[in-house]
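Read through the structure below, which is laid out as structure tokens, and then see the notes.
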Protein chains: 2
Amino acid sequence: MPTIKDVSKLAGVSVATVSRYLNKNGYVSKEAAETIAEVIEKLNYRPNNIARSLAGMKTATIGLMVPDILNPFFPELARSIEDAANEYGYTVMLCNTDNDSAKEQKYIDTLIQKQVDGIIISSYTIKPEHLTGLQKQSIPVVLMDNVFSSDSIVSLTVENRQGGELAVQHLLEQGCSKIAHICGPLSITSSRDRTAGFEHACRGTDWFTPSLIGYSDFTVKGGYTAMMDLLALHPNLDGVFASNDLMAAGALKALQETDHKVPQDVKVIGFDGIGLEMLNPELSTIAQPIYKLGKTAMDSLIGLIRKESDIMTDQVFPVTLHAKQSTMN
Amino acid sequence: MPTIKDVSKLAGVSVATVSRYLNKNGYVSKEAAETIAEVIEKLNYRPNNIARSLAGMKTATIGLMVPDILNPFFPELARSIEDAANEYGYTVMLCNTDNDSAKEQKYIDTLIQKQVDGIIISSYTIKPEHLTGLQKQSIPVVLMDNVFSSDSIVSLTVENRQGGELAVQHLLEQGCSKIAHICGPLSITSSRDRTAGFEHACRGTDWFTPSLIGYSDFTVKGGYTAMMDLLALHPNLDGVFASNDLMAAGALKALQETDHKVPQDVKVIGFDGIGLEMLNPELSTIAQPIYKLGKTAMDSLIGLIRKESDIMTDQVFPVTLHAKQSTMN
DNA sequence: ATACGGTGTGTAATCGGTTTCATATAATTT
DNA sequence: AAATTATATGAAACCGATTACACACCGTAT
């Protein structure tokens, strides 16, 4: 493995000149540049990133913390972030936290030690005080789905509340007259907001009662169970809004197993917009702009890393209704 | 951020001693150890990983290349690998290659430059010559789902052929008398093997004809289309074996849309064993031991990194039938 | 003719660790 | 008592880059 010294020797210049050539800063004459280029080609020289990092430059690596890579939402997010990272020449370290605060802390420590240039955190559980270590190292952070204001921390969210309202509105438009809701963990801000949207949209209707809300956990199984419970309480419900697509899928399954036809008898809508194309009927959903979220997260992180000043610290993205078979007449 | 020098000064010993203490090699007296420990605690010192790596130690980072993180199989694999990596104190760099050979090459270059200690590659497209760069740097590689013998390259696969046979056998046992097959890309070894298993198991039966095999691409949509085509050719088929679960899910959807009852009219079985619990009926499958595959991949990689000599270069794992509703009477 | 700013280059310090080697002392052997 | 051996430590080289600084050269404005 040739080093910069080998290149400098063979090119008959100093390492400083080679370094300047590599980084395109400082002056390098045309002739020197050409010779260096040839030698690099000949030796198939590649600068050692580790040494580069140590010498004060950045690691060109970012950390990505997600709560659950098995939830299809996060691979989609990861993919968009990775794509964007690649464009900037960055590599992504994947950290699956399992919604476990201790694991989260451990990962943050690791990422600090590995000197990543920035971190994108998607977490339900994280709190401002967990980020003090990062702030001490002034490692930029972009937070997804979890807002708390701070200068060096950018937050990205979607209009969860409006999404909840949108879902109900759509179900009403499709003729539903008794809509149940399967909500996610109440510890999660975005989950609470979606439910708030649901409640707000239901306020004032004559059919609404709190027992139309089932409490669940963002999983297929949880959605299934919640739906079964709701059906027992309200056999005549004709619409369901689940706070994420996985629970909606579970609800769909429960409905089908209990011989409710979807969408004829009951209409179902989820939230997230992950592509669960294998479902029959396909699931209507309030879609998050996942790809754009990832891309923006990376863009903002790069902005923070480069200390650009025009980074919006709190960005809220709109959601859109994707009407599919599960709510169509 | 304190350095080893700060520690050594405050502890009144040399950096060498601190380093020995940190790495638990060489002699360090009890007293020195205690003092150092105190100082480290007091300063909240953490060794700089970059510097460590440069000084010749390893980066404690591995690369994981997967063809498509959106296919649920790979998040599952990634998770098991990450879990195992964590146990060994390693971090994982995620590389999504999109089945794109160029992207693959670029990632390999990047990983070499970042001096990862090893790479786990799950790829359909990779060829031995693509790994020469890695071998030149003697970076250990564990290959999944793609065997080509070599000393420094460990391959992990599953019994794809037997799996194919197992699937047919199961469908026959459940009373099927005309079984179709949706096969995956023929460029993929494991895909070909599954199909070979299918063909072998069908050989000699009076109903088998080559047109019972539909050619597809491992996606839900592909499975859906292939199923539709097969139904047009063979309206009376009563069993389907798809070479992966996503295609099986697509097939299921196609069958349901064309008013075939699963499992009563047609039985469906997939391959992989990803948890598509949202399907109704739930999908029978020939399950790969995904978690174990990931764990073993990591174990083997660590073995290679540590230059242990007892690493099996080619490991083939058994698959198991997971019978669910989609094939039960 | 002198001074100055723009080019171009090399020397050497630096980043924060690991490790070789020399040296010193204490504990065992012979 | 002398010779080993085990224990303990520090000085300094090294890993492979970046970069501050000094210096040299050239053209041009004063």
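We name chains A, B, ... by the order of the sequence lines, and we start the count at 1 in each one. Quick note: numbers below take in every heavy atom, side chains included, and nothing from hydrogens, waters or symmetry partners.
In this structure, a donor-acceptor pair under 3.5 Å is absent between the side chains of B:S53 and B:K58. Side-chain N/O atoms of B:Q115 and A:N48 include a donor and acceptor closer than 3.5 Å. Side-chain contact of B:Y107 with A:N86: a donor-acceptor pair under 3.5 Å is present, judged by distance alone. Between the side chains of A:E82 and B:N96, not a single donor N or O lies within less than 3.5 Å of an accepting N or O.
Among the heavy atoms of the strands, none lies under 4.0 Å from B:V18. Residue A:S19 is in base contact, counting any heavy-atom pair closer than 4.0 Å across all strands shown. Note on A:N49: nothing from the nucleic acid sits closer than 4.0 angstrom, heavy atoms only. Among the atoms of the strands shown, only primed sugar atoms or phosphate atoms (P, OP1, OP2) are found under 4.0 Å from some heavy atom of B:Y45.
Atom CZ in A:R20 sits roughly 11 Å away from atom P in C:dT11 (whole-Å rounding). A:Y21 has its OH atom 16 Å from the P atom of C:dG10, to the nearest Å. Spacing between atom CD1 of A:I50 and atom C1' of C:dT18 amounts to 15 Å, rounded to whole angstrom units. For A:Q113 and C:dG16, the CD to P distance is 14 Å, given to the nearest whole Å. Computed from coordinates, the A:K5 NZ to C:dG10 P distance equals 15 Å when rounded to whole Å. In this structure, A:I4 atom CD1 and C:dG10 atom C1' are separated by 13 Å, rounded to whole Å. Residue A:K24 contributes atom NZ, which lies 17 Å from atom C1' of C:dG8 at whole-angstrom precision.
With axes fitted over five pairs at each extremity, the angle between the ends of the helix from C:dA1-D:dT30 to C:dT30-D:dA1 is 50° (10° resolution).
Considering every non-hydrogen atom in both B:V142 and B:A297, the closest pair reads CG2-O, 3.7 Å.
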Legend entry - Evaluation steps, side-chain contact (heavy atoms from CB on, under 4.5 Å), between B:M298 and B:Y90: CA-CA 10 Å; B:M298 194 61 212; B:Y90 279 68; 4.2 Å; yes
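The line from CD1 of A:I121 to CG of A:D145 is 12.5 Å long, rounded to the nearest 0.5 Å. Taking CD1 of B:I108 as the start and CE of B:M65 as the end, the distance is 5.0 Å to the nearest 0.5 Å. For the atom pair CG (A:L156) and CZ (A:F317), the distance works out to 5.5 Å, reported to the nearest 0.5 Å.
Mapping heavy-atom proximity under 4.0 Å, the span of DNA chain D touched by chain A runs 5' to 3' from D:dG16 to D:dT19.
Between A:N48 and B:V28, the residue whose closest nucleotide on DNA chain D is further toward the 5' end is B:V28. Nearest-nucleotide assignment on DNA chain D puts the 5′-proximal partner with B:K30, out of A:T17 and B:K30.
Of the candidate nucleotides C:dT9, C:dT11, C:dT18, C:dT11 has the atom lying nearest to any side-chain atom of A:V15. Counting only heavy atoms from C-beta on, B:L54 has its side chain closest to C:dG16 among C:dG17, C:dG16, C:dG10.
More than 12 non-hydrogen atoms from other residues, nucleotides or ligands lie less than 6.0 angstrom from NZ of B:K103.
Using a 4.0 Å cut-off, some side-chain N or O of A:Y27 falls inside it from OP1 or OP2 of C:dT7.
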